[in-house]
Structures are given as C-alpha cells and as structure tokens.
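Remember, predicted model here, so these are calculated numbers, not experimental data. Note that ligands are numbered from 1 as they come in the structure, with each ligand's atoms numbered from 1 the same way.
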Amino acid sequence: MIDRIQKLIEEADSFTTNSLADLEAFRVKYLGKKGFLNGLFADFKSVPNDQKKAYGQAINTLKSTALEKVSTLKAELEANTTKTSAVGDLTRPGDPINIGGRHPISLVKNQIIDIFSRIGFNVSEGPEIEDDWHNFTALNLPEHHPARDMQDTFFIQTDPDILLRTHTSSVQVRYMENNAPPIRTISPGRVYRNEAISARSHCFFHQVEGLYIDKNVSFADLKQTLQYFTKELFGKSKIRLRPSYFPFTEPSAEVDVYWGLETETDYKMTKGTGWLEIMGCGMVDPNVLKNCGIDPKEYSGFAFGMGIDRIALLLHQINDIRLLSENDVRFLEQFKSSF
Ligand code: DAH
C-alpha cells in the first residue's frame, strides 16, 4: 500500500503541462472529491495499527506534493499565457465593437419628441393596422366622403373595415377616447399609402401627430407652439400659415417655414420661393371632439401632423427617400449622434 502511495507521489511530482485545462484535470484526479487522496484517507481506517504512522505520513506527503504542484504550475501558466497559448494572449481586451449609429428617422423623431416634451407633451402610440373608425370616420371622414381620396389607402382584402393607417391622426382619436383633457400628446409612427415609389415618395413613411386639448385653446396658441418648434428644430422661427383643408380641423392651415434663399440648394429645395412646407394643422373640429367623447362646448384644441422622412431628408441633405428603408450600412453608418 505504501508503495502505491510512493508511486503516486512520484507521478505527482513529475507532472507537468502547458494547459490550464490539463492542470485542472490533474487537480481533480488527486485532490478532487473522488480523487486519490480522499480515497486513501477513507482507507486509513483499515490500515493495521503498526503501519498507521507511515501510511499517514505518506498520504500527507502526497497531499502537499499535489497541492504545491497545482499552485506552482498555475502561477507559471497564468504568467506565461502569451507564450504558451496558440491564439495569443487571451487576457488582452478584444477588438473594439463597432457600435452602430441611429437611423436618421429615429434621430429626427427623437429630436421632435425632445422639443415637445420640453413644453409638456407626452408620447403616445397606436396600432399600424387600424379600423375605419379611427383612421377615417371619427376624424370627420364618413364613408363616401370625397376627402378619403386624399390618401390612397391599403385595405385588408378580406375586411374593408381594416386597413393600414394612412396617417397618425388615428392616434388622436384613440388618445381622446381613453384620456380626459387636458391633453398634450405627440404620436410618432409609421404610416402607409398606396403610392408609387420614387426618390420623393414611398408607400410607407413616418409621421408625428400633435394634439393639444384644454379649456380656451386658441389658434394663437397653435401658432406660438409651431413657432417654438420650428425655431428649435431648424433654427428658423419665421413661419407662415396658409389656409387649407383637412376634414378633422376647422379652420385648417398648412405651415411653411422660411428657409432662406442663400445657397443654390435653398433655391432648389424651396423652388425659388424661400419657403418650405412642413406640416398640416388646425383647430380640432368640434365633430371630432364629440366623436371621441369630449364636449366641444367645454374644450377646444389644436392638432398638427408632419412627415418625419421629409424633415430627415432636409436636415441631413439626403436626396432619395428610398435610402431610408434600404438598410445599406454604408449609408446608415454616417449618422452617429447622441440622440
Ligand atoms: N393627417 C394629415 C396628413 O396625413 C396631416 C394633418 C393635418 C394632421 C392637419 C393634423 C392636422 O392633425 O390638424 O396629411
């Protein structure tokens, strides 16, 4: 028996390896729960009394030899990883991971959210697959209303009541149905229209809707809010409101921002006028308030809606709207920003 232990001591003493995994296997074999040492300690009981001393000394030597082997080899291997590892120094920091940039649509959307949140607007969202009521009827566009043709709609073939929302104005309706005034909310999201795809238009794009309902909200409040917004987003506060028509607002207007005519691009973008149209707006039609359960005698409000894609093209000088949905990394990685 003592001979066997002696042999194990020699083996442990001469053990060597380049690999931490092998060293661990060695440790388990000798010092692990089911290793040699535990086995030998268990056998100690059955050793005849006169041999107990020598046996005890032998296993203690084996134990200290194995322990020392593990600790010296471990220290050596860890210090020499560069030399010994086939793949180089495993402890070096890895290659920096290329963190992506945000999509230009998200950048502009976040900027818009930030600007409106500073004056107390929250963010709300609604479904992209909508029903007729929220996209049209509640917004003062009953069936067969000619203004429905202003937006070419994608309907779900099997159910003409279900469609892909053509504008984020549908979220106004949902918000008013579920929240009592005062309301100050903006609703960003994707919208769909059955339009030919070109450099200037797409069959899906993004809008932000704004809605403000309270007692005594006036057209002057609307104008002031929009002026603040254009100043913050474009750095330009000269705006004009042109009379227009939307079924859900009365009166309605289109908002132009004065861009200037300083460069050739300004001329091109503004078709020589210096003015750029950026959104539609108006005072929420009393019928819409009624449809959404709000008393128009007590409350009034304004709404506005703008396209994010066009603003992104404008702010980042992109000349083709299709680039926004092609997911070409060479295009996308040009937009790195903190927003
Ligand atoms: N929904 C309109 C569109 O898609 C935009 C719009 C115009 C929204 C006037 C409004 C508004 O809230 O008041 O063309």
Side-chain angles (χ1 to χ4, degrees), residues 109 112 116 121 123-128 130 132-142 145-154 163-177 181 183-195 200-214 217-227 229-230 239-257 276-289 291-292 294 296 299-311 321:
K109 181 182 87 175
I112 297 174
F116 280 105
F121 280 72
V123 177
S124 51
E125 286 183 339
E128 291 176 21
E130 224 357 318
D132 185 281
W133 169 257
H134 292 95
N135 196 77
F136 290 128
T137 309
L139 288 164
N140 217 17
L141 279 142
H145 193 289
R148 284 193 178 207
D149 295 339
M150 285 162 78
Q151 306 167 350
D152 267 326
T153 310
F154 283 118
L163 46 91
L164 295 179
R165 68 179 177 195
T166 58
H167 52 185
T168 43
S169 304
S170 55
V171 189
Q172 278 189 33
V173 178
R174 290 188 175 270
Y175 200 87
M176 285 190 275
E177 283 173 344
I183 289 171
R184 260 176 288 172
T185 190
I186 53 166
S187 324
R190 184 176 278 190
V191 301
Y192 301 82
R193 290 187 199 172
N194 191 1
E195 273 172 29
R200 302 295 302 161
S201 72
H202 212 293
C203 59
F204 68 80
F205 48 99
H206 304 78
Q207 290 188 333
V208 177
E209 190 78 10
L211 180 70
Y212 181 16
I213 310 282
D214 204 343
V217 178
S218 72
F219 202 89
D221 297 325
L222 169 60
K223 189 171 179 197
Q224 199 61 45
T225 306
L226 297 181
Q227 207 152 24
F229 168 70
T230 52
I239 60 170
R240 70 179 181 196
L241 290 130
R242 273 180 296 109
S244 183
Y245 170 75
F246 297 101
F248 26 90
T249 42
E250 181 58 36
S252 304
E254 247 147 323
V255 184
D256 298 339
V257 55
L276 264 184
E277 183 193 319
I278 51 157
M279 67 170 100
C281 67
M283 301 306 291
V284 179
D285 193 293
N287 279 340
V288 175
L289 294 176
N291 287 339
C292 302
I294 292 176
Y299 291 102
S300 58
F302 62 72
F304 54 86
M306 67 188 114
I308 307 181
D309 305 59
R310 279 200 48 209
I311 295 177
I321 199 170

**Request:** Only one of E125, E209, E130 passes salt bridge (Lys or Arg N to Asp or Glu O under 4.0 Å) with R174; say which it is.
**Result:**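 Filter result, single survivor: E130.
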**Request:** Mind checking ring pair (Phe, Tyr, Trp, His ring centres under 6.0 Å) for F219 and listing every partner two or more places apart, or none if nothing turns up?
**Result:**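 F219 satisfies ring pair (Phe, Tyr, Trp, His ring centres under 6.0 Å) with no other residue.
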**Item:** Non-neighbouring partners of F136 that pass ring pair (Phe, Tyr, Trp, His ring centres under 6.0 Å), sequence neighbours left out
**Value:**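 Here no residue qualifies.
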**Asked** Are S252 and S244 close enough that a side-chain donor and a side-chain acceptor fall under 3.5 Å?
**Response**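 The criterion, which ignores hydrogens and geometry beyond distance, is not satisfied for S244 and S252.
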**Asked** If you measure only the distance, is there a donor-acceptor pair under 3.5 Å linking the side chains of D132 and T137?
**Response**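 Indeed, the side chains of D132 and T137 share at least one donor-acceptor pair under 3.5 Å.
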**Asked** In chain order, what residues pass the salt bridge (Lys or Arg N to Asp or Glu O under 4.0 Å) check against R193, with sequence neighbours excluded?
**Response**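 For R193 there are no salt bridge (Lys or Arg N to Asp or Glu O under 4.0 Å) partners, ignoring immediate neighbours.
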**Asked** For ligand 1, what are the residues with a heavy-atom contact below 4.0 Å?
**Response**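 Within 4.0 Å of ligand 1, protein side: Q151, H167, S169, Q172, R193, Q207, E209, F246, F248, T249, G280, C281, G282, A303, F304, G305.
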